[in-house]
Each structure stands twice: as structure tokens, then as C-alpha cells.
Amino acid sequence: MPAITLPDGSERQFDAPVTGTTVAEAIGPGLARAALAMKLDGKTVDLATLIDHDANIVFITRRDPEALELIRHDAAHVLAEAVQALYPGTQVTIGPSIENGFYYDFARNEPFTPDDFAAIEAKMREIIAKGAKFERRVIDRDEAIGFFQAKGEKYKAQLIQDLPTTETITLYSQGDWIDLCRGPHMRSTADVGNAFRLMKVAGAYWRGDHRNAMLSRIYGTAWRDQKELDAYLHQLEEAERRDHRKIGKEMDLFHIQEEAVGSIFWHPKGWKLYRTVEAYLRRRLDAAGYQEVKTPQLVDRSLWEKSGHWENYREHMFIAQVVDEDKFLALKPMNCPCHVQIFRHGLRSYRELPMRMAEFGSCHRYEPSGALHGIMRVRAFTQDDAHIFCTEDQIATETARFVDLLSTVYRDFGFPDFRIKFADRPEPRIGSDAAWDHAEAALREACAIAGVEYELNPGEGAFYGPKLEFVLRDAIGRDWQCGTLQVDPNLPERLDAEYVGEDGARHRPIMLHRAIFGSFERFIGILIEQYAGRFPLWLAPVQVVVATIVSDADDYAGEVAAAFARAGLAVNTDLTNQKINAKVREHSVALVPVLAVVGRKEAETRTVALRRLGSQGQEILPLEEAVARLASEATPPDLISGNVA
RNA sequence: GCCGGCGUAGCUCAGGGGUAGAGCAACUGAUUCGUAAUCAGUAGGUCCACAGUUCAAUUCUGUGCGCCGGCACCA
């Protein structure tokens with residue numbers, strides 16, 4: 001007879017198998033009212049699950065964060081019922097809970113529009129108000145297939161058909177509405193509550209495969225209470241204000257126009273930011289033992305054929321042709337084959353390894369139109385690329401050195417936290433399985449030695465080798481791969497790179513492809529969102545504006561600006577005939593970090609009044625001290641003495 | 001590339017079958033002012049492009065291009 005152990009360690013005996021509901025009632029009416037589901041020996045299950053063995057139980061109530069996933073999953077079911085009630089003939093497919101909410105994919109001839117949301121939400125609230133119980137039923141596989149086929153739910157039937165035959169098939173009903181579902185669910189639709197909102201419609205391929213039919217997806221967000229929902233919506237609004245496309249326009253950093261889709265026109269301020277970022281990274285690479293090179297933009301097709309890119313990516317390459325010549329040149333989509341050419345130029349010795357060859361390489365790729373996104377995903381971009389030619393024995397050390405370099409770079413730009421994914425062999429790929437086994441094992445081992453923790457990203461490696469992906473998140477929570485480290489045994493083979501070893505024989509080097517930013521464009525986009533345009537002084541494209549209060553101070557303002565400029569600061573002057581309030585506002589809105597205000601007083605005493613962006617007060621300092629202080633503050637983090645990078 | 005939405009002044013947006021409006025910015029003039037908007041005036045538009053319907057299209061329809069949100073893709 002089951003003995004139930006609760007989180008406080010207490011134990012309760014029952015003479016017969018019991019459901020979670022019964023246990024909760026036995027403990028008290030408060031818990032019975034609050035319990036939504038339970039963790040049975042660590043696994044979340046319905047309260048109605050029958051417990052016939054000694055077990056540990058933790059009840060999940062609305063207070064627990066775990067309730068969110070249940071609420072969202074149940075909300076997806078409610079959404080599906082509402083949609084089928086309103087739009088007969090619509091087929092249901094899948095509807096999981098996701099971060100912040102849920103979605104459901106429907107098959108319907110006519111797509112949904114946001115105009116439908118009001119009606120759907122109203123219907124959902126009706127269903128929730130009815131509070132129909134979720135009831136679980138195990139069903140025979142063939143019976144289940146027949147059941148859904150009879151209803152005209154061919155997607156559901158397909159799902160069951162594709163489940164392993166060992167899988168237990170369960171249906172969940174809420175009143176008359178029935179869905180194929182693994183569960184678990186809460187007690188009834190009432191438990192969903194009213195803190196939800198439908199957010200957007202989208203197309204999505206059946207089973208995520210572009211060869212399949214496109215379904216209509218409805219996204220929603222759901223929370224435990226109205227306060228949480230409001231907070232989330234507010235946070236979303238705030239995030240939208242940080243959008244790099246918006247800030248790029250407001251701060252006059254860059255623009256993109258129809259004649260050069262996917263390419264960036266960098267304006268003076270944006271390019272200043274770019275150059276600051278570039279100069280920083282160049283110093284870091286120099287210090288880390290990289291040798292910088294520059295390779296051609298247009299390269300004959302034959303090299304891409306050898307490297308395998310022509311075969312794999314031909315339709316994503318920009319091709320150039322010359323009238324009188326019967327040959328194709330490709331705008332390089334990446335730098336690797338070019339770097340191998342430099343490596344191959346002359347006979348290499350093992351003594352030269354590891355050779356770290358870096359290039360800020362301009363690359364062009366014909367990205368699908370739907371993939372373009374501001375400056376984060378473009379067709380013309382500059383990789384902070386490098387290839388490390390090394391021996392197998394050197395992979396671990398080089399991986400550790402790289403992760404260390406990347407971490408400190410990310411830290412300096414204000415990203416102390418980032419995610420690492422390990423992407424293994426994809427389909428299709430080049431190279432033997434044995435070579436892949438080897439490369440994956442080497443990278444895994446390198447991670448172990450370097451103390452790198454990662455999540456798996458199966459099947460997402462490059463076609464020539466496994467990779468580590470270093471992922472940063474944008475303002476509204478989208479993940480972007482920035483850094484990468486790829487172990488490549490194939491390209492050296494294909495392009496015939498070799499070195500003379502200690503034994504006097506010729507050997508293939510391993511190539512490590514690696515990038516920290518990924519592309520300058522993407523990294524700067526994320527950087528803009530990270531700081532919402534309020535850059536730390538060393539990154540700000542305009543660091544100081546000297547603003548006058550009266551025209552009598554114009555000459556002195558010129559002197560002040562010159563002094564800041566001599567100290568290497570990016571300074572502008574504002575001598576316009578406007579009130580100081582207007583000037584403060586204007587430059588605050590422009591997100592200038594420091595305003596140096598000078599009036600008669602300052603001119604007479606040779607001081608400046610410094611006002612920091614976002615602060616109310618000012619600090620009056622002698623000119624020399626202000627210059628010294630700001631110059632020091634504007635020092636890039638890698639140049640601050642005592643700061644070991 | 002696919003599904004949906006959108007495209008009006010430099011920017012943010014309103015409007016609507018009879019060839020257009022606001023605020024901010026710009027420009028001109030006045031104002032010399034002490035830390036988030038001084039006042040007045042002026043100028044500014046192929047209403048994304050092309051085709052169709054119509055006496056008349058920026059408005060309706062279609063196609064194309066671009067942008068936005070997803071999906072797919074991301075060497």
C-alpha cells in the first residue's frame with residue numbers, strides 16, 4: 001500500500017492506490033483547492049494519476065514557476081478548441097508551450113489574421129469559464145488513428161502513425177473536445193485563468209520541413225496572473241525601443257536601401273563605432289598571436305569547386321562574369337579557401353604551427369530574402385575570421401586559448417554571459433564517418449580540457465566539421481550565433497594543405513575556423529541593443545558635446561573642444577543660439593554620454609560643467625582635470641593598465 | 001524562398017475615388033537665456049513601382065519590389 005512522502009519529509013500511508021487529488025484532500029482543503037498537478041517521483045503528471053506504489057510527491061500550485069508550463073500547454077488546447085468551434089473544418093496539428101507562451105499550428109485553407117484574435121480570445125474565455133475537466137484516456141494505436149481519420153484530422157492520424165509502436169497513446173478531453181496529447185494537464189480549463197493574450201499569426205511548415213504544407217500558427221502568451229502578463233507586455237514594449245534598426249536611425253548610425261538590399265550604408269557615427277570595435281579586436285588578436293592577412297574578393301570558380309562550396313552553396317553565391325572571358329568568378333562567401341592558399345604558399349614546417357591567420361574578411365552571401373534582419377543578417381558582411389592551422393595535438397590548447405580570448409572580449413563588451421552549443425555532423429556533409437568521429441571526439445575532448453560547458457545542437461555542424469556556437473541574445477529574446485569554433489579535417493585535404501613534420505614526412509594540418517563576433521555587423525547590432533544606444537564612453541561615437549550657454553563663451557568652448565580632441569576624445573561643439581535646456585535635451589535624446597557646458601562662469605575660471613547622460617546634476621571641474629578624467633574613462637578596456645586581458 | 005501584415009514629408013504618424021495633413025526635424029528672423037523642448041514665420045510630397053477598373057486612382061483590383069512578424073535557411 002502506497003506510502004507518500006511529501007517535500008517536508010513527512011510520510012502518509014494509504015491502504016489502497018490513491019490519486020493525487022485524494023492525497024491533496026487528505027492533507028487539507030487549501031492544498032486541494034490550489035494543487036494543479038504534481039511531481040510524482042520527479043515527473044510532472046496529472047493530479048488524477050493513480051499512485052499504487054511508495055512515492056515522493058510535490059504538488060504544483062499557481063505559486064510555483066512550474067505552473068507556467070502547465071498553464072501555457074493547457075492554453076494551447078483551449079486555443080485549439082476555440083478555433084475549431086469558430087472555424088469548422090480547421091484541422092489541428094501540434095500546440096506546445098514555449099518560452100513566455102504557447103502556439104498552435106492549424107491547417108486551414110484560409111489563413112488567420114490578427115483581426116480574428118478578438119473572437120478567438122472571447123471564445124477561449126468562454127471555454128475557460130466553463131471549466132471542463134481535462135480527462136486522460138489511453139487508447140489503442142489503430143483505434144486512435146481511426147478516430148482521427150474519421151474526424152478528418154489527417155495530421156493527427158499521421159502523428160500517431162509516426163510514433164514508435166511502443167509508445168502509449170493518450171487522448172485528453174476537455175468536455176466534448178478531444179486532442180491527442182502526452183499530457184500532463186491541470187484539472188480543468190478553468191485553471192488556465194485569464195492572464196493570456198494572442199500575440200501574432202505566422203506561417204509554419206508542417207514538421208518544420210519546407211517541402212511540407214504551410215500551416216497557420218497562432219502565438220499566444222500566458223501567465224499566472226494579470227500582473228505577470230502586464231509586466232511581460234511592458235517588457236516587450238521596452239525591448240522594442242532597443243531595436244538596433246530603430247536606434248540606428250535615431251542615432252544616425254547607418255541605413256539600408258532598396259538598391260543594395262542586405263548591405264549597409266554606414267554613416268559617420270556608425271562607422272566610428274565600427275572602427276572602435278575593429279581597433280579593439282585587432283589589438284586583441286595581435287596580442288593573442290594572430291597574423292593578419294587580406295585576401296581577394298573575387299575568386300575563380302575552380303577554387304570553390306575544390307573546397308566543396310560550389311556544390312553545397314552555389315545558389316547562395318554572387319557570381320561575377322567578364323564579357324570577354326569565359327569564366328566565372330565568385331564574390332567570396334567566406335575566407336577559408338583563400339587562407340589555405342596563403343598557407344600553401346611555400347613549404348610549411350611543423351615549427352610554424354599553430355599558425356593563426358586572421359582576416360577581417362568581407363564576404364557576400366545571397367541570403368534568402370526572408371532571412372534578412374536589420375544589420376544582424378545581411379548579404380554583405382565582414383567576418384572577424386581566422387584559421388588556425390595546427391596539429392591534432394594542438395586542438396585542445398588552441399580551443400582553450402580561443403574560448404579564453406572570446407570570453408574576455410565578450411566581457412569587455414558587456415556580455416559576461418553567453419551560451420555555448422556543440423553542433424555535430426549534419427546531412428549532407430563531406431568526409432568519412434571515421435574522420436567525423438575523430439573530429440567530434442577531438443572537439444569534445446578539447447572542451448573537457450578547457451572546461452567548456454555546452455548544450456548539444458545535433459546535426460547543426462558545418463558540412464566540413466563539427467562546431468561550437470557562441471550565442472548572444474538580442475533585445476527581444478532572439479538568439480544569434482556570433483562566435484564559432486569549427487574543427488575541420490576536410491578542407492586541408494581538399495585543398496591539399498600540408499606541412500613537414502618532425503619526422504621529415506608530409507602531414508595534413510587540422511584547420512580550426514573561428515570567429516568571435518561572427519560578423520562585425522551582427523555583433524554591432526547586438527551591441528546597440530545591449531546598451532540601447534547608451535554606450536559606455538569608450539564605444540560612444542560622439543563622446544562629448546561642448547555646449548555654450550551664451551555666445552560670449554564661444555571662444556572658450558572652442559578651446560575646451562580642442563583640449564578634448566587632443567586627448568583623443570570624439571567631441572562636437574554646440575554654439576547654437578538656444579537655451580541650455582534645449583541643448584541638454586537635444587544631446588540627451590541623441591544619447592551623447594557627456595555634455596560639457598560652458599558659460600561665462602566657466603570661461604572666467606577655465607572650468608567646465610560636466611553633465612552625464614541620464615543624471616540630473618553636474619560636476620564643475622578645472623578644464624585639465626575634466627580632460628584627464630574623461631580621457632581615462634574613455635580608455636578601451638584592453639588598454640587599461642593593470643587590466644590583464 | 002514560404003505564410004501573413006505593412007509601404008503617405010528627413011523622422012513618427014493621421015487621412016481618404018475629385019491629385020494631401022499634424023507634430024518633431026530643416027530653413028529664415030527675433031531672442032543671449034545656467035542644465036530635458038523660447039517665439040514667430042518659411043519651405044518641404046511622382047502618397048513604393050508598373051498595369052487594370054473608372055469621367056477621375058495616392059485611395060479599389062492585380063503584379064513586382066521593399067520592409068515588419070514568424071517558418072525554412074544560416075558554409
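Lettering of chains follows the sequences in order, A, B, ..., and the numbering in each one begins at 1.
The environment of NZ in A:Lys154 is sparse: at most 12 heavy-atom neighbours from other residues, nucleotides or ligands sit within 6.0 Å.
Within 4.0 Å (heavy atoms only), A:Asn581 reaches sugar-phosphate atoms of the nucleic acid but no base atom. Note on A:Ala609: a base of the nucleic acid sits closer than 4.0 angstrom, heavy atoms only. Within 4.0 Å of A:Gln616, counting heavy atoms only, lie sugar-phosphate atoms of the nucleic acid but no base atom.
Taking 3.5 Å as the limit, the base of B:rG34 and the side chain of A:Glu602 contain a donor-acceptor pair of atoms between them.
Cation-pi geometry between A:Arg314 and A:Trp310 is met: under 6.0 angstrom from the ring centre, within 45 degrees of the axis.
B:rG10 and B:rA49 have their P atoms separated by 13 Å, given to the nearest Å. Comparing B:rG23 with B:rA40, their P atoms sit 11 Å apart, to the nearest whole Å.
An OP1 or OP2 oxygen of B:rA36 is reached within less than 4.0 angstrom by a side-chain nitrogen or oxygen of A:Arg611. Regarding contacts with the backbone of B:rU12, a side-chain N or O of A:Lys249 is found under 4.0 angstrom from either OP1 or OP2.
When both pairing distances are held under 3.5 Å, B:rG45 makes no Watson-Crick or G-U pair with any nucleotide shown. The nucleotide B:rG23 finds its pairing partner in B:rC11, both defining distances of the Watson-Crick or G-U wobble pair being shorter than 3.5 Å.
The pair A:Arg606-A:Glu559 counts as a salt bridge, with a side-chain nitrogen and a carboxylate oxygen less than 4.0 angstrom apart. Using a cutoff of 4.0 Å between basic side-chain nitrogens and carboxylate oxygens, A:Glu240 and A:Arg242 are not scored as salt-bridged.
Here the nucleotide nearest the side chain of A:Glu258, chosen from B:rG7, B:rA37, B:rA36, is B:rG7.
Here A:Arg245 pairs with A:Asp243 under the salt bridge (charged side-chain N to carboxylate O under 4.0 Å, His left out) rule; sequence neighbours left out.
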Practice problem: Could you run through nucleotides 67-75 of chain B and give me one letter per nucleotide, 5' to 3': B if any protein heavy atom sits under 4.0 Å from the base, S if only the sugar-phosphate is that close, - if neither? | Solution: SSBBBBBBB

